[in-house]
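Remarks on the structure that follows.
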2 protein chains.
Amino acid sequence: MTKKTKIRQTGCPVAFGLDIFGDRWTLLVIREIMLRGKRTYSEFMEMEEEIATNILIDRLKALEAEGLVDKTRDPENRRSFLYALTKKGRDLAPILLEIIIWSGAHDARSFALTDVLEKIKADRDGFEHELRSERENLGDRCE
Amino acid sequence: MTKKTKIRQTGCPVAFGLDIFGDRWTLLVIREIMLRGKRTYSEFMEMEEEIATNILIDRLKALEAEGLVDKTRDPENRRSFLYALTKKGRDLAPILLEIIIWSGAHDARSFALTDVLEKIKADRDGFEHELRSERENLGDRCE
DNA sequence: AAATTAGCTTGCATTTTGCAAGGTGTAACC
DNA sequence: GGTTACACCTTGCAAAATGCAAGCTAATTT
């Protein structure tokens, strides 16, 4: 993992959050897990934004180190691992939803995840609760 | 301004948002304006996290270019400029609030902005509305 | 036992960040 | 009106992060 980016010990919650997910890739990995039900390295590699292998593994290790994801062996495929969000990771749901709402309002070209945006608009709290629930494979339907 | 970071034309609202504020500094500048009522370059330079001058001006220019802040001459001090959030910028309020909530729940050391966190807990929608309102000097009291 | 799959590691070029010093256009002071 | 100070930057360079391509290892399939 690339040298841990300097932590700003100012006690500010905004700075704390940015120290963990304030970069161009971390929240995209979270998105893949939370909204598209992805769970493995190879599935993450399939994301549209073409993340580089070293960046992906770096972010996965950082997320694991911060306690946002758990990594376990896939019992059904011993050469694969399963990455799953912890509660701390699932608690990012509202942040992700607010980003989607903001971009939905301010970017005409944000056509992906429109099903998600519709769900948010229809029942924000219900959908957020769904995302935070522990069961897996939730987001498979999101496009 | 440093070469415009590559835009990911995937149409994903999460990626779109990250293209604009997915770095370690942009949302801290927004925080200074929105929660602490700061308006000038020198006031931003006073932030606890010690932003470098070139990074600050780079982010201010990017925010202006993206239409999140307006830059005007200070009518009362011709050598100063005033940076103010546009509606698009103020609409980031919920994202900032959710980050504060998340860190408040997952970082014991996030002691700054506790007054903000209390306000959010007491009346989330009211406080968000207050932040989104057009009048200035709102956040002066936040610590 | 050869090929394939899944998950990485490594080396190197490019880009961004961070740090320190310097420069420019008001404005205030003597 | 000359010096000083303030506010806002600019520039040069080192360090770190990102991006790209190739290669490597262990588990599995053929």
Side-chain angles (χ1 to χ4, degrees), chain A residues 1-10 15 18-29 32-33 38-66 69-84, chain B residues 1-10 15 18-29 32-33 38-66 69-84:
Chain A
M1 180 167 23
T2 161
K3 182 180 175 183
K4 192 172 182 54
T5 160
K6 189 171 67 177
I7 294 296
R8 294 169 286 209
Q9 305 265 24
T10 58
L18 293 177
D19 280 343
I20 292 178
F21 52 77
D23 70 272
R24 284 165 55 77
W25 292 108
T26 301
L27 286 178
L28 292 188
V29 175
E32 293 299 290
I33 308 178
K38 304 249 182 107
R39 293 176 304 165
T40 67
Y41 179 94
S42 351
E43 285 176 331
F44 301 143
M45 278 309 295
E46 290 164 5
M47 76 168 84
E48 242 190 330
E49 286 86 1
E50 315 236 314
I51 189 169
T53 57
N54 54 342
I55 305 288
L56 174 57
I57 197 65
D58 182 272
R59 293 310 183 279
L60 287 172
K61 283 178 180 173
L63 285 170
E64 202 190 350
E66 291 291 348
V69 305
D70 273 339
K71 180 184 184 180
T72 54
R73 280 242 176 232
D74 184 344
E76 292 169 5
N77 180 356
R78 292 261 319 148
R79 63 187 152 171
S80 194
F81 294 91
L82 296 179
Y83 292 91
Chain B
M1 177 167 26
T2 162
K3 182 181 175 181
K4 192 171 181 56
T5 163
K6 188 171 66 180
I7 294 296
R8 295 171 285 211
Q9 306 265 26
T10 58
L18 293 177
D19 280 343
I20 292 178
F21 53 76
D23 69 273
R24 285 165 53 76
W25 292 107
T26 300
L27 287 178
L28 293 188
V29 175
E32 293 298 291
I33 307 178
K38 304 247 181 106
R39 293 175 304 164
T40 67
Y41 179 93
S42 354
E43 286 175 330
F44 301 143
M45 278 308 295
E46 289 165 5
M47 77 168 83
E48 241 190 331
E49 286 86 1
E50 315 235 314
I51 189 170
T53 58
N54 54 342
I55 305 288
L56 174 58
I57 196 64
D58 182 272
R59 292 310 183 279
L60 288 172
K61 283 179 180 173
L63 284 170
E64 202 190 351
E66 290 292 347
V69 305
D70 273 340
K71 178 185 184 179
T72 55
R73 278 245 179 229
D74 184 345
E76 292 171 4
N77 180 356
R78 292 261 320 148
R79 61 189 154 172
S80 194
F81 294 91
L82 296 179
Y83 292 90

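Chain letters run A, B, ... following the sequence lines, proteins first and then strands; every chain starts at 1.
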Yes or no on side chain to side chain contact (heavy atoms under 4.5 Å, CB included) for A:Y41 and A:T53, after CA distance, side-chain angles and deciding distance? CA-CA 9 Å; A:Y41 179 94; A:T53 57; 3.3 Å; yes
How about A:R8 and B:L28: do any of their side-chain heavy atoms sit closer than 4.5 Å? yes
Give the nucleotide from the list D:dG19, C:dT9, C:dT17 with an atom nearest to the side chain of A:I57. C:dT9
Distance check needed: C:dG18 C1' versus B:L56 CG, whole Å only. 14 Å
OP1 or OP2 of D:dA17 versus the side-chain N and O atoms of B:R24: is any pair under 4.0 Å? no
Residues passing the salt bridge (charged side-chain N to carboxylate O under 4.0 Å, His left out) test with B:E49, sequence neighbours excluded, are B:R31
A:E76 or A:D23: which one's nearest nucleotide on DNA chain D is closer to the 5' end? A:D23
Hey, does the side chain of B:Y41 come within less than 4.0 Å of D:dT10's phosphate (OP1/OP2), counting only N and O? no
Answer yes or no: are there more than 12 heavy-atom neighbours, outside A:R73 itself, under 6.0 Å from its atom CZ? yes
Strictly below 4.0 Å, N to O, side chains only: are B:K38 and B:E43 in salt-bridge contact? no
In whole Å, I'd like the distance from the CG atom of A:D58 to the P atom of D:dA16. 15 Å
With a 4.0 Å limit, can you tell me whether A:K61 has a side-chain N or O closer than that to the phosphate oxygens OP1/OP2 of C:dG7? no
D:dC8 C1' sits how many Å from B:L82 CG, rounded? 13 Å
Could you tell me whether the phosphate oxygens of C:dG18, OP1 or OP2, come under 4.0 Å of any side-chain nitrogen or oxygen in B:W25? yes
In whole angstroms, the gap separating P of D:dC9 from CG of B:L60 amounts to 8 Å
Backbone N/O of B:L82 and side chain of B:R39: donor-acceptor pair under 3.5 Å: no
Is there a side-chain contact between A:T26 and A:I20, using heavy atoms and a 4.5 Å cut-off? no
On the nucleotide C:dC8, are OP1 or OP2 found under 4.0 Å from the side-chain N or O atoms that A:K71 carries? yes
Nucleotide D:dT18, atom P - distance to CG of B:L18 in whole Å: 13 Å
Just to be sure I understand the geometry, which residues of residues 45-55 of chain A put a non-hydrogen atom under 4.0 Å away from DNA chain C? A:T53, A:N54
Side-chain heavy-atom pair B:D58, B:W25 within 4.5 angstrom cut-off: no
Can you tell whether the side chains of B:D23 and A:R24 come within less than 4.0 Å, N to carboxylate O? no
Within the 4.0 Å heavy-atom criterion, would you say B:F44 contacts the bases, only the backbone, or no part of the nucleic acid? nothing
Rounded interatomic separation in angstrom, taking CD from B:E64 and P from D:dC8: 14 Å
Could you run through nucleotides 22-30 of chain C and give me one letter per nucleotide, 5' to 3': B if any protein heavy atom sits under 4.0 Å from the base, S if only the sugar-phosphate is that close, - if neither? ----BS---
